Amino acid sequence: MPVTTSPRTLFDKIWDDHVVERLEDGTCILYIDRHLVHEVTSPQAFEGLRLSGRRVRRPDATVAVVDHNVPTSDRSKPIEEPQSRLQIETLEKNVAEFGIPYFPLRSASQGIVHVVGPEQGISLPGMTIVCGDSHTSTHGALGSLAFGIGTSEVEHVLATQTILQKPAKNMRVSVEGKVGPGVTAKDIMLAIIGRIGTAGGTGHVIEFAGSAIRDLDMAGRMTLCNMSIEAGARAGLVAPDETTVAYVKGRPFAPKGEAFEQACEYWRSLASDEGAYFDTEVTLAAEEIIPSVTWGTSPQDVLPIDGFVPSPSDVADPARAAQIQRALDYMGLEAGQKIAGTPVDVVFIGSCTNSRLEDLRAAADVVRGRHVAEGVRAMIVPGSGLVKHAAEAEGLDKVFLDAGFEWREAGCSMCLGMNPDRLTPGQRCASTSNRNFEGRQGPDGRTHLCSPAMAAAAAVTGRLCDVRELVKETV
Amino acid sequence: MDKFTELTAIAAPMPTENIDTDQIIPARFLKTIQRTGLGKNAFAAQRYDADGNEKPDFVLNQEPYRHAEILITYDNLGCGSSREHAPWALLDFGIRCVIAPSFADIFFNNCFKNGILPIPLPREICDELMDDARQGSNSRLTVDLERQVIVRPNGETIAFEVDPFRRHMLLEGLDDIGQTMAHDAEISSFEHRPVRAWVPSITIGTVK
């Protein structure tokens, strides 16, 4: 382990504790504690192992789950789509052949990989965690260094339990103060991405700090870290604190007894040292953040809900102006129009960004006593079987069903058009997911990213609107 | 992986920022269990209309760019999803080199793993290269990885930076798994460090 006396960041500490070897040019062989595997980005990696006669080095540090392809309807029926079925069957063959622990489709614990990992205590603070999925950054909420990798790297990790990487730069995003009512982790993150842009974090790991971050529960911190990739960052991190420890304690795969105490001591030592150097620092005032939505086709196209859609004439760079025009055309919006009041066709509450119990509670608080607006399709897709079960135990399913929402099975669902849950061309959706890219939720679908509370407000009014006005009524 | 040494080819100009990997290959095409065959659906939404006909205004549907092996874009190429299907789709289409002012990290990394050379160059140089590319089929760029230069059609050379380790891997067409496996002893000794005693193992019967 490198001995260093200078103050280190949270990222530096986790990194240093996982360097197996530093090669001549500074590339490090970095040890990976947890490798999460799903059906879409792994088949070619397992095939590569087979072709080269390699084994999985640490099946006991690897866990597989199906999530991207799975239908979120009745699980007793076979999967209709032949290619989806093949991909799932291929994963099942691979985990059996290589001896990898696996949550099958009909497991009560199946769900989105980034919900299942923390929920099961498979992902823990201080770990390095990878998965062939960019939203692996989610697990950074625990204070673990977690990042998405490509399929070649999935194969590399399966074979060697390591990855080749150079250290990232350190960025600290501090959000100080208290957020107002109706403002959630999603709004904080959209505000951050709006500020630094989708490439603002490129080459960096972002540590989220400040009193507004400390005040967030683990679900909120996961939302924040989840969308670090939408700011271009390699990973997001929140330092482990008592909120983290309380969350981890007692989870099925978390250490127990003596080992837990030893782990806690280590986790508490990971916080960035006073005076640690950050290459980039950004500070936001929590009070200035208001409920937000995206208007365009990049997550940086963020507007506060009382804002106005930009115009190509607002910018000097012709390439940027053309891009705004293209986004306006794609989204079916007029330059300069108010974003509030825009009618929606679909509301999607789910995805690895916002499908945890806390998210469903926030949506239910808005929905209770109201009904989905006429002509709107509104769906709730819990992040895992356990989230669904816990929500049902609280009666949230009834709140949603009574209001006219669909109450579905766990999976990635309409976050990306890989399973039957898709937008049809031209449909406009208020979505709690993470990407509003062209075609992301289905060809020619139009996505407005927002928080679960804001999506619920859109469902019951049929329009993008300020959730604070609805909550005011209830108070 | 195929070696990358020197490439003389047609370059396609795509003067757009933030080309995300969902654009390069939409999610509905990720259901394959193979690396090959994705080229026909590269940029599907921009390339084809709802009936599957080519849209004539899209650059890769035009001559000579349907034979392009180099792609030039604006900032933040490959942002979004980590899907390696994006470089697989580009490679299957025929692209061996991508040039942009900046790249998203995972995509940048994924390119190298598949024998595609990503070259970051300042925006004004990308603009010049796009102007070259617009001159048509006689206007080819040469990308020389050995010398780390791009040769413009007018003979002018533009130097570029590339990580020495990655350059070596591309020039030799090497698979990095084999390289890392040569460090097996160090990996094994790392696994037994006392600091790691709290890290639990996951046994197969416990996951249901």
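By convention in this document, chain letters (A, B, ...) are assigned in the order of the sequence lines, proteins followed by strands, and residues within each chain are numbered from 1. All of these numbers come straight from a predicted model, not from anything done at the bench.
- Of the listed residues Gln165(A), Arg106(A), Arg57(A), Glu258(A), the one with more heavy-atom pairs under 4.5 angstrom with chain B than any other is Arg57(A).
- In terms of heavy atoms, His156(A) sits closest to Thr180(B) at NE2-OG1, 2.7 Å.
- Taking a 6.0 Å sphere around CD of Glu63(B), one finds it holds more than 12 heavy atoms contributed by other residues, nucleotides or ligands.
- Side-chain atoms of Glu186(B) never come within 3.5 Å of backbone atoms of Val20(A) as a donor-acceptor pair (strictly under, hydrogens ignored).
- Between Glu47(A) and Arg35(B), none of the side-chain N atoms (NZ, or NE/NH1/NH2) sits under 4.0 Å from a carboxylate O, so this pair counts as no salt bridge.
- Of the inter-residue distances, the one linking Leu164(A) atom CG with Phe165(B) atom CZ reads 5.0 Å to the nearest 0.5 angstrom.
- Side-chain contact check for Ile229(A) versus Ile106(B): some heavy-atom pair is nearer than 4.5 Å.
- Here the side chain of Glu84(B) pairs a donor or acceptor atom with the backbone of Ser152(A) at under 3.5 angstrom.
- A donor-acceptor contact shorter than 3.5 Å is absent between the side chain of Gln323(A) and the backbone of Thr16(B).
- For the atom pair CZ of Arg83(B) and OG1 of Thr151(A), the computed distance is 11.0 Å after rounding to the nearest 0.5 Å.
- Between Trp198(B) and Trp267(A), the ring planes lie perpendicular to each other; the angle is over 60°, past the 30° to 60° tilted range.
- Asp105(B) pairs in a salt bridge (charged side-chain N to carboxylate O under 4.0 Å, His left out) with only one of the listed residues (Lys169(A), Arg234(A), Lys166(A)), which is Arg234(A).
- Comparing Gly197(A), Ala259(A), Gly150(A) by how many heavy-atom pairs each has under 4.5 Å with chain B, the most go to Gly150(A).
- Ionic pairing of Arg123(B) and Asp317(A) is present here: one or more N-O contacts between side-chain nitrogen and carboxylate oxygen are shorter than 4.0 angstrom.
- With a threshold of 4.5 angstrom between heavy atoms, Ser188(B) approaches chain A through its backbone and through its side chain.
- For a residue to count as touching a neighbouring chain, one of its non-hydrogen atoms must lie under 4.5 Å from one of that chain's; by this rule Pro255(A) touches chain B with backbone and side chain alike.
- You'll find the side chain of Ile202(B) reaches within 4.5 Å of the side chain of Arg34(A), heavy atoms only.
- Between Leu30(B) and Gln87(A), the closest heavy-atom pair is O-NE2, 2.8 Å.
- In this structure a side-chain-to-backbone donor-acceptor pair under 3.5 Å is missing from Glu230(A) to Gly80(B).
- Between Arg54(A) and Asp184(B) there is no salt bridge, since none of the side-chain N atoms of the basic residue sits less than 4.0 Å from a carboxylate O of the acidic one.
- Side-chain contact check for Lys208(B) and Ser107(A): no donor-acceptor pair (N or O, by modelled atom type) lies under 3.5 Å.
- Proximity to chain A (any heavy atom under 4.5 Å) is shown, for Thr32(B), by both the backbone and the side chain.
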| task | Let me see the working for Met418(A) and Arg28(B) under side chain to side chain contact (heavy atoms under 4.5 Å, CB included), right down to the final yes or no. | result | CA-CA 5 Å; Met418(A) 273 208 81; Arg28(B) 62 187 182 281; over 6 Å; no
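- Contact annotation: the side chain of Arg196(B) never approaches that of Asp17(A) to less than 4.5 Å [non-hydrogen atoms, C-beta and beyond].
- Atom CD in Gln179(B) sits 9.0 Å away from atom CG in Leu23(A) (nearest 0.5 Å).
- If you measure heavy-atom distances from Thr162(A) to chain B, the contacts under 4.5 Å come from the side chain alone.
- Between His168(B) and Asp25(A), the closest side-chain pair of non-hydrogen atoms is not below 4.5 Å.
- At a 4.5 Å heavy-atom cutoff, Pro26(B) makes no contact with chain A through either its backbone or its side chain.
- Within the 4.5 Å cutoff, the side chain of Asp60(A) has no heavy atoms near those of the Thr203(B) side chain.
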| task | For Ile204(B) and Ile100(A), run side chain to side chain contact (heavy atoms under 4.5 Å, CB included): C-alpha distance rounded to whole Å, both residues' side-chain angles, the deciding distance at 0.1 Å, then the answer. | result | CA-CA 6 Å; Ile204(B) 194 158; Ile100(A) 292 169; 5.8 Å; no
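- A distance of 9.0 Å separates CD1 of Ile88(A) from NZ of Lys31(B), quoted to the nearest 0.5 Å.
- With rounding to the nearest 0.5 angstrom, the CD atom of Gln83(A) is 9.5 Å from the CD1 atom of Ile33(B).
- By the 4.5 Å heavy-atom criterion applied to side chains, Ile149(A) and Lys113(B) are not counted as neighbours.
- With hydrogens and angles ignored, the 3.5 Å screen pairs no side-chain donor or acceptor of Gln120(A) with any backbone N or O of Val207(B).
- At a 4.5 Å heavy-atom cutoff, Val154(A) makes no contact with chain B through either its backbone or its side chain.
- There is no side-chain donor-acceptor pair under 3.5 Å between Ser81(B) and Arg440(A).
- Going from atom OG1 of Thr160(A) over to atom CD1 of Ile177(B) covers 7.0 Å, rounded to the nearest 0.5 Å.
- Among the candidates Ala61(A), Gly203(A), Ser42(A), Ser109(A), the residue making the largest number of heavy-atom pairs closer than 4.5 Å to chain B is Gly203(A).
- Side chains of Gln44(A) and Trp88(B) form a contact here, defined as non-hydrogen atoms less than 4.5 Å apart.
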| Would Cys79(B) and Arg435(A) count as a side chain to side chain contact (heavy atoms under 4.5 Å, CB included) if you check the C-alpha gap in whole Å, the side-chain angles of each, and the deciding distance to 0.1 Å? | CA-CA 11 Å; Cys79(B) 60; Arg435(A) 289 188 178 132; over 6 Å; no
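- Using a 4.5 Å heavy-atom cutoff, the side chains of Ser52(A) and Met181(B) are not in contact.
- Residue contact with chain B, scored on non-hydrogen atoms closer than 4.5 Å, is absent for Pro318(A).
- With respect to chain B, the highest number of heavy-atom pairs below 4.5 Å among Glu39(A), Glu81(A), Gln300(A), Arg320(A) belongs to Glu81(A).
- For chain B, the option among Phe253(A), Phe103(A), Tyr31(A) with the highest count of heavy-atom pairs below 4.5 Å is Tyr31(A).
- Counting heavy-atom pairs under 4.5 Å between each of Thr27(A), Ile29(A), Thr41(A) and chain B puts Ile29(A) at the top.
- Heavy atoms closer than 4.5 Å to chain B are found nowhere in His135(A), neither backbone nor side chain.
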